[in-house]
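What follows is a short report on a single structure.
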Amino acid sequence: MVAALLGLEPKAKAFLRRRPVGQGGEPTETVSPWVPVELSQGTDLTSAEPLPQGLREHLRSRKGVRFDHIVEQITARMPTADEAKRLGMPKNTPLPAVYGAVRGASGTALAARGRYCSPRTGTSWKTPIRSVIGL
């Protein structure tokens, strides 16, 4: 799904950076932006530190790209064991997800994002996860 959102060939690689979002110190969702590897080069996306600004501003300042619009798709799936653990939710509870392709004014996909929502149940997850993944 992510390869199609980014306009990449199947099994192409993209950079993934996940971060938790929550309320009252409890995780309520995970935001996962994927960026083509070529676009992530020369940025701080691979850093273990949180970005000082949002992804949009960071890519604009580092790569000169401008986000124009997002095409979204809503779905649900079962969480992975790691997601269930990090979000403090049962493994058998569906995880609502919103996927989006972030596009430039020309329609070119600049990034894709996944947003996974879960019930607040008490597991803390503060460190972003960064990795290059095959799609």
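Heavy atoms only: backbone and side chains are in, while hydrogens, waters and symmetry mates are out.
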Answer whether the closest heavy-atom distance between the side chains of [X] and [Y] falls below 4.5 Å.
X     : Y     : answer
Leu16 : Ser32 : yes
Phe15 : Leu39 : no
Thr43 : His58 : yes

Return the minimal non-hydrogen interatomic distance between [X] and [Y], and the atom names on each side.
X      : Y      : result
Leu55  : Pro33  : CD2-CB, 3.7 Å
Lys91  : Ala84  : CG-CB, 3.9 Å
Gly114 : Trp34  : N-CZ3, 3.3 Å
Ala111 : Val35  : CB-CG2, 4.1 Å
Ser106 : Thr108 : OG-OG1, 3.0 Å
Ala112 : Leu6   : N-CD2, 3.4 Å

Query raised in the report: If you measure from CZ on Phe67 to CZ on Arg56, what distance do you get to the nearest 0.5 Å?
Result: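 CZ of Arg56 is found 7.5 Å from CZ of Phe67.
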
Requested in this report: Mind running side-chain contact (heavy atoms from CB on, under 4.5 Å) on Leu51 and Leu45 for me, showing each step along the way?
Outcome: CA-CA 7 Å; Leu51 294 176; Leu45 294 176; 3.8 Å; yes

Report task. Could you go through the side-chain contact (heavy atoms from CB on, under 4.5 Å) check for Arg103 and Val71 one step at a time? Result -> CA-CA 8 Å; Arg103 300 185 181 273; Val71 177; 3.8 Å; yes

Query raised in the report: Under the side-chain contact (heavy atoms from CB on, under 4.5 Å) criterion, do Thr75 and Val98 qualify, and how do the steps go?
Result: CA-CA 6 Å; Thr75 186; Val98 177; over 6 Å; no

**Report entry** Any residue meeting side chain to side chain donor-acceptor pair (under 3.5 Å) with Glu72, in chain and number order, not counting sequence neighbours
**Finding:**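 Residues passing side chain to side chain donor-acceptor pair (under 3.5 Å) with Glu72: Arg113.
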
Query raised in the report: For Thr80, what residues pass the side chain to side chain donor-acceptor pair (under 3.5 Å) criterion, not counting sequence neighbours?
Result: Glu83

Query raised in the report: Pick from Arg62, Arg17, Glu49: which one makes a side-chain contact (heavy atoms from CB on, under 4.5 Å) with Asp44?
Result: Arg62

Query - side chain to side chain contact (heavy atoms under 4.5 Å, CB included) involving Glu57 - partner list, sequence neighbours excluded - result: Gln53, Arg60, Ser61

Query raised in the report: Are Leu95 and Met78 connected in the hydrophobic side-chain network, where two residues link if heavy atoms are under 4.5 Å apart?
Result: no

Query raised in the report: Is it true that a side-chain atom of Lys63 and a backbone atom of Gln41 form a donor plus acceptor pair closer than 3.5 Å?
Result: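 A pair under 3.5 Å: yes.
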
